Amino acid sequence: MLQHRIVNIQPDLVVMAIIPPDLNLDRTPTIDSAGYLVGQKIASLLDSPLGEALRGIRLLYVLRDIGPRWVSPPQYLDPLLSRGEISDSYRYIQQFNETANQYGFSSVIAFLPRMEENAWGPLPDRLTQDGIRHLDLSFLGKEFTTGEYMASRFDRHPSPAVHRRIGEALALYVENQPEFLR
């Protein structure tokens with residue numbers, strides 16, 4: 001039996017590390033009646049006899065990944081921020097910052113490195129405008145070739161070497177913040 005323990009931890013810093021697709025809430029899955037994580041837009045289709053057949057032939061995951069792109073384009077943050085609108089995904093960043101402040105924790109939004117140039121668009125300017133501390137680690141992506149960056153030739157996620165650099169850069173950031181020096 002799993003026991004829950006409350007651990008009294010008082011962090012010096014809380015970090016929200018994000019990539020641009022994290023701000024596309026269309027990617028947020030829901031749980032279908034069979035207990036699988038599926039895209040919100042195709043969940044009702046999958047809770048049907050057709051969905052069961054698709055799951056049986058393993059076509060469910062293909063539809064989950066490409067289906068929503070046919071139904072509607074993803075909702076990205078850039079156009080909304082450029083028009084001065086605040087999306088739900090940006091509200092999550094604001095809530096993270098407000099919650100950290102409420103509990104007296106320092107916080108930072110860390111932009112993880114990407115292979116794309118200017119992947120963040122107007123987000124850094126908006127965070128600065130709103131007084132939300134952020135750390136742009138995008139430059140780390142330029143230190144690697146595509147092959148070194150990718151976890152494997154079929155997986156565009158960052159490799160262990162990229163994660164090591166992210167950790168080094170975060171450690172350097174923390175070292176250079178006066179409020180963390182004791």
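This is a predicted model, so every value here is computed, not measured.
Asn176 contributes a side-chain N or O that, together with a main-chain N or O of Leu172, makes up a donor-acceptor pair within less than 3.5 Å. The main-chain N or O of Ile132 is never found under 3.5 Å from a side-chain atom of Asp130 such that the two would form a donor-acceptor pair.
Between Pro158 and Tyr149 there is a side-chain heavy-atom pair separated by less than 4.5 Å. Between Thr99 and Val14 there is no side-chain heavy-atom pair separated by less than 4.5 Å. Using a 4.5 Å cut-off on side-chain heavy atoms (C-beta onward), Ile18 and Ile93 make contact. Counting only heavy atoms from C-beta outward, the side chains of Ser159 and Glu148 never approach each other to under 4.5 Å. Side-chain contact between Asp12 and Ser106: absent, with no pair of heavy atoms (C-beta onward) separated by less than 4.5 Å.
Of all heavy-atom pairs between Leu137 and Pro113, the closest is O-CB, 3.4 Å. Across every non-hydrogen atom of Gly121 and Pro124, the tightest pair is O-CD, 3.4 Å.
The distance from atom CG of Leu112 to atom NE2 of His163, rounded to the nearest 0.5 Å, is 7.5 Å. With rounding to the nearest 0.5 Å, the separation of CZ in Arg165 from CD in Glu143 is 4.0 Å. Atoms CE and CD, on Met16 and Gln95 in that order, are 9.0 Å from each other to the nearest 0.5 Å. Here the straight-line distance linking atom NE2 of His157 with atom OG of Ser152 works out to 10.5 Å at 0.5 Å rounding. The structure places CG of Leu123 at 8.5 Å from CD1 of Ile109, a figure rounded to the nearest 0.5 Å. The line from OG of Ser138 to CD1 of Ile19 is 11.5 Å long, rounded to the nearest 0.5 Å.
Each ring-ring contact (aromatic ring centres under 6.0 Å, His included) pair with one or both residues in residues 95-119, not counting sequence neighbours, appears once here: Phe111-Trp120, Phe111-His134.
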>> Could you walk me through whether Tyr90 and Leu127 satisfy the side chain to side chain contact (heavy atoms under 4.5 Å, CB included) test, starting with their C-alpha distance in whole Å, then the side-chain angles of each, then the deciding distance to 0.1 Å, before giving a yes or no?
In response: CA-CA 9 Å; Tyr90 190 78; Leu127 290 172; 3.6 Å; yes
